[in-house]
Q: 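One structure, as structure tokens, below. Some questions next.
Quick caveat: nothing in here was measured; it's all calculated off a predicted structure. Residue numbering restarts at 1 for every chain, and letters A, B, ... go by the order of the sequence lines.
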There are 2 protein chains.
Amino acid sequence: MSSRPVSIKDVADRAGVAVGTVSNVLNHPARVSTATRERVQAAIDGLGFVRNDAARQLRAGQSRTIGLVVLDVGNPFFSSLARAAEDCAAENGSTVVLGDSGQDAEREARYIDVFEQQRVQGMLISPVGDVGPRVEALRQRGMPVVLVDRVDPQRRCSSVSVDDVAGGYIAVRHLLEAGRRRIAFVGTRADYRQVADRLAGARQAIAEHDGAVLEVLEADAMTVLAGRDVGETIARRRHEELPDGIFCANDLLAIGVMQAVLLIRGLRIPEDLALIGYDDIDFSASTVVPLTSVRKPTELMGRTAVELLLEEIEGPTARRRQVIFDPELVERRSSQARVHAPG
Amino acid sequence: MSSRPVSIKDVADRAGVAVGTVSNVLNHPARVSTATRERVQAAIDGLGFVRNDAARQLRAGQSRTIGLVVLDVGNPFFSSLARAAEDCAAENGSTVVLGDSGQDAEREARYIDVFEQQRVQGMLISPVGDVGPRVEALRQRGMPVVLVDRVDPQRRCSSVSVDDVAGGYIAVRHLLEAGRRRIAFVGTRADYRQVADRLAGARQAIAEHDGAVLEVLEADAMTVLAGRDVGETIARRRHEELPDGIFCANDLLAIGVMQAVLLIRGLRIPEDLALIGYDDIDFSASTVVPLTSVRKPTELMGRTAVELLLEEIEGPTARRRQVIFDPELVERRSSQARVHAPG
DNA sequence: CCGTGCTTTTGAATCGTTTCATTAGCACGT
DNA sequence: ACGTGCTAATGAAACGATTCAAAAGCACGG
């Protein structure tokens, strides 16, 4: 039933000093004599004083907070990126607060507004749609912004993203190195830019390798069920028409394909068919045959995003940089090379 | 290159009015004549004015923000709960900001501190360990707190949680209703309170049913791999020693068991063996045989948590309430009743 | 022309903190 | 006794929004 929050004034009164002294204890302890410092500290503890951040940052003109707006906190990519960003920010004395737009432009806008009103130091945004104008407005008002998982077409602000063409290339080259030649790509109709990029990378790897062929199979969605459907059509083929390596545009599809070919046709993975997914979701290590996959360097991306932001906060004139990471291959059993020559 | 942020004073100057008028346009538009309002609005738009939340809430003494500290944003339970909380808060004019403690008491403490300094309206906390003292301190300073997924042993603050005993009961009763009698429970050694509760519920359901027997199988961890190990030992049993219904303490274990019994022994699910998991993770709808599971009412919990908090914010004397939800059964194929009498 | 009752606008005071120019206090040398 | 050179402590000003008592503006009847 405390009447109202304890202020620095109350602390000063209780300790018998001026408010400036209390402030110095908090912010410049060295300027205060030991005796005074201890007396003030005792008053702080006794009263349960908690700094008022609003007043603090009103005076300072800036906060120690970074706003992070993600598309979906439920997505492991974003949650793990957020974790890394938090760690990196903490090392630099800042705190990350998270806003989940849930792929909804309106919610995204609301979080951006709230963060701007809170005068965060800067924002990391993985934008829903075209945030060009919005980000431009932020920048004009001097708010540092770094885009996550998306490059800024106009190079107005820094960004961290992943090269999905490289990812597709790595995946298929891996299949080729494991001795596979008849490769199938499973993905949705390439309206997604990401899927299109992965396919482009796959084509590139095929083109560099004599005697390798690529066939493209279309799935209805990026889900296990859709993958199972595609897997069933594959499983029903005659032996000589079977691919010997399949690259799926994400892990869910790959898991569906695996379920179908194992259970319907009893094909052996990787002996008869090598399989590789994309995203390296948690579950991929636990499938019946552990699934090889391609992974974004999530932690690195989170840390880099914060670093780029801090760079810009400290030197607003710093050059904007588009950092593009290559994904990495996570090799598991589903794509192991044949030990014997193919039967 | 704007020199420094635009304040309400700048807007007032540009519009040729007093600061109080600008404030009224923002907060009490009805008090201002249409002509003035439009002139001020034009100045706001022209200058790109953004309210300074720090000044605002310094004056108001309170923010419109709710702090939510979760154990792990990567966990679908928490991300979906957070989503619901955000929606509910938005309907009430508040915004939820998220802090991820990552099961780390230190990070948890940091977020609680930051939120308190920010003078959030209140906090929703899913505590790492014993936050008793900490929460007590918060409460004494008048900060409303609602615990999530944990009851307060001392009934000092409201909470939302789930009755895991009821969950275990529902699961096993469902197996019994589907005609199963030889039930196995798969879980880790019951040091986890949650696992122990689920087992207790299972025992209760068995006790109510004549002729039903329960055997407890211990897994090394709550993972797919551990489940597969248990599944393998089951699959190697003689026919007359096989259980006809298995309740796993979570979905990961159940998926592991499913993989083992399908592939090693070729048992049919649900004909030979009914299987039920717990948590209803996304993946459970996509297993080879879709997995029946028990689900926490996540959205409801998120909304209720916010409602309890708002209740307490509006009436600090409101009675604290411990709201305990019953989980719900999600029926899928893995536990369907036998159509024919058992062979 | 003045008083009355209304709406609209004004601007000083306020919130809690930090900053910084100023003052106080003290030791020491002359 | 007095100036010098320290360190330590002081307290008013400032940050930007909101509030609210007071003033201004206006219409209208007497």
Side-chain angles (χ1 to χ4, degrees), chain A residues 2-41 43-44 47-65 113-114 116-120 141-142, chain B residues 2-41 43-44 47-65 113-114 116-120 141-142:
Chain A
S2 57
S3 49
R4 50 100 186 263
V6 180
S7 81
I8 210 173
K9 180 73 168 42
D10 303 321
V11 175
D13 289 349
R14 151 95 88 126
V17 298
V19 290
T21 305
V22 178
S23 175
N24 278 333
V25 170
L26 294 170
N27 303 298
H28 309 280
R31 290 190 196 159
V32 181
S33 72
T34 313
T36 311
R37 198 188 316 140
E38 279 166 0
R39 206 145 34 86
V40 170
Q41 192 58 54
I44 288 175
L47 293 170
F49 166 74
V50 176
R51 256 193 179 87
N52 184 327
D53 205 49
R56 185 178 165 70
Q57 95 179 36
L58 170 60
R59 181 65 236 252
Q62 227 211 22
S63 69
R64 299 296 302 170
T65 299
D113 285 347
V114 168
E116 193 182 7
Q117 289 178 16
Q118 290 183 350
R119 299 289 192 273
V120 294
R141 291 182 222 120
Chain B
S2 56
S3 48
R4 52 101 185 263
V6 180
S7 83
I8 209 174
K9 180 72 167 42
D10 302 321
V11 174
D13 289 349
R14 153 94 88 125
V17 298
V19 290
T21 304
V22 178
S23 175
N24 279 333
V25 170
L26 295 170
N27 303 297
H28 309 280
R31 289 190 197 159
V32 181
S33 71
T34 312
T36 311
R37 199 187 317 140
E38 279 166 1
R39 205 144 35 88
V40 170
Q41 193 57 54
I44 289 175
L47 293 170
F49 166 74
V50 175
R51 255 197 184 83
N52 184 328
D53 204 48
R56 183 179 167 70
Q57 94 179 41
L58 170 59
R59 180 67 235 256
Q62 229 211 21
S63 69
R64 300 296 302 170
T65 299
D113 285 347
V114 168
E116 194 183 6
Q117 290 178 16
Q118 291 183 351
R119 298 290 192 272
V120 295
R141 290 181 222 122

Q: Are the side chains of R14(A) and D10(A) in touch, meaning some heavy atoms are under 4.5 Å apart?
A: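 In short, these two side chains do not touch, never coming nearer than 4.5 Å.
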Q: Contact class for N27(B) (heavy atom, under 4.0 Å): base, sugar-phosphate, or nothing?
A: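 Since only primed, P, OP1 and OP2 atoms lie under 4.0 Å of N27(B), the category is sugar-phosphate.
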Q: Between the axis at one end of the helix from dC1(C)-dG30(D) to dT30(C)-dA1(D) and the axis at the other (five pairs apiece), what's the angle to 10 degrees?
A: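 End axes: 80° apart.
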Q: Whole angstrom is fine here: how far is it from CG in L58(B) over to C1' in dG16(C)?
A: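 Interatomic distance, CG of L58(B) to C1' of dG16(C): 5 Å.
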Q: Closest-nucleotide mapping onto DNA chain D: is V19(A) or T36(A) further toward the 5' terminus? I mean the 5' end.
A: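 Per heavy-atom nearest nucleotide, the more 5' residue is T36(A).
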Q: Starting from the C-alpha separation in whole Å, work towards a yes-or-no answer on side chain to side chain contact (heavy atoms under 4.5 Å, CB included) for V11(B) and V25(B).
A: CA-CA 11 Å; V11(B) 174; V25(B) 170; over 6 Å; no
Q: Starting at CZ of R31(B) and ending at C1' of dG25(D), how long is that distance when rounded to a whole Å?
A: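 Spelled out: CZ on R31(B) to C1' on dG25(D) is 18 Å.
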Q: At 4.0 Å (heavy atoms only), tell me whether S23(A) reaches a base, stays on the sugar-phosphate, or touches nothing.
A: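 Contact class for S23(A): base.
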Q: In whole angstrom, what separates K9(A)'s NZ from dT18(C)'s P?
A: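 In whole Å, dT18(C) P lies 16 Å from K9(A) NZ.
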Q: Output the rounded distance in Å from CG (D53(A)) to P (dT18(C)).
A: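 Answer to the nearest Å: 10 Å.
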Q: Quick check: does any side chain N or O of S63(B) sit under 3.5 Å from a backbone N or O of R119(B), one acting as donor and the other as acceptor?
A: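 Checking the backbone N and O of R119(B) against the side chain of S63(B), a donor-acceptor pair under 3.5 Å is found.
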Q: Please classify the nucleic acid contact of S7(A) as base, sugar-phosphate, or nothing, using heavy-atom distances under 4.0 Å.
A: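 Contact class for S7(A): sugar-phosphate only.
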Q: Would you mind reading off the distance between Q117(B) atom CD and dT18(C) atom P, rounded to a whole angstrom?
A: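 The distance from CD of Q117(B) to P of dT18(C) comes to 10 Å, rounded to the nearest Å.
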Q: For side chain to side chain contact (heavy atoms under 4.5 Å, CB included), just list the numbers for R51(A) and N27(A), CA-CA rounded to whole Å, side-chain angles, deciding distance to a tenth of an Å, and then say yes or no.
A: CA-CA 11 Å; R51(A) 256 193 179 87; N27(A) 303 298; 2.8 Å; yes
Q: Is R119(A) close enough to dG16(D) that one of its side-chain N or O atoms is under 4.0 Å from OP1 or OP2 there?
A: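 Result: no.
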Q: What I'd like to find out is whether the side chain of V32(B) reaches to under 4.5 Å of the side chain of V40(B), using heavy atoms alone.
A: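 The answer is no; the side chains never approach within 4.5 Å.
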Q: Tell me: NE2 of H28(A) to C1' of dT7(D), nearest whole Å?
A: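 These atoms are roughly 16 Å apart.
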Q: I'd like to know if the side chain of R39(B) and the backbone of A15(B) have a donor-acceptor N/O pair within less than 3.5 Å.
A: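 Here the side-chain-to-backbone pair exists.
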Q: Categorize G20(B) for me: base, sugar-phosphate, or nothing, with a 4.0 angstrom heavy-atom threshold over every strand shown.
A: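 Base contact - G20(B) has a heavy atom under 4.0 Å of at least one base atom.
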Q: Given atom CG of N52(A) and atom C1' of dA17(D), what is their separation to the nearest angstrom?
A: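 From N52(A) CG to dA17(D) C1': 14 Å.
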Q: Mind checking if T21(B) touches a base, just sugar-phosphate, or nothing, with heavy atoms under 4.0 Å?
A: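 Touches a base.
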Q: Any side-chain heavy atom of N52(B) sitting closer than 4.5 Å to one from S7(B)?
A: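 Side-chain contact under 4.5 Å: no.
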Q: Is R59(B) near enough to dT14(C) that one of its side-chain N or O atoms lies under 4.0 angstrom from OP1 or OP2?
A: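 Negative; the distance criterion is not met.
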Q: To the nearest Å, give me how far apart CD1 (I8(B)) and P (dC15(D)) are.
A: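 Distance check: I8(B) CD1 to dC15(D) P gives 15 Å.
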Q: Would you say T65(A) and Q57(A) make side-chain contact, with heavy atoms under 4.5 Å?
A: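 No; the side chains remain at least 4.5 Å from each other.
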Q: Judged by each residue's nearest nucleotide on DNA chain C, which is more toward the 5′ side, A18(B) or A55(B)?
A: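 Closer to the 5' end of DNA chain C: A18(B).
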Q: Base, sugar-phosphate alone, or nothing: which one does V22(B) contact when heavy atoms must sit under 4.0 Å apart?
A: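 Nothing, no nucleic acid heavy atom in range.
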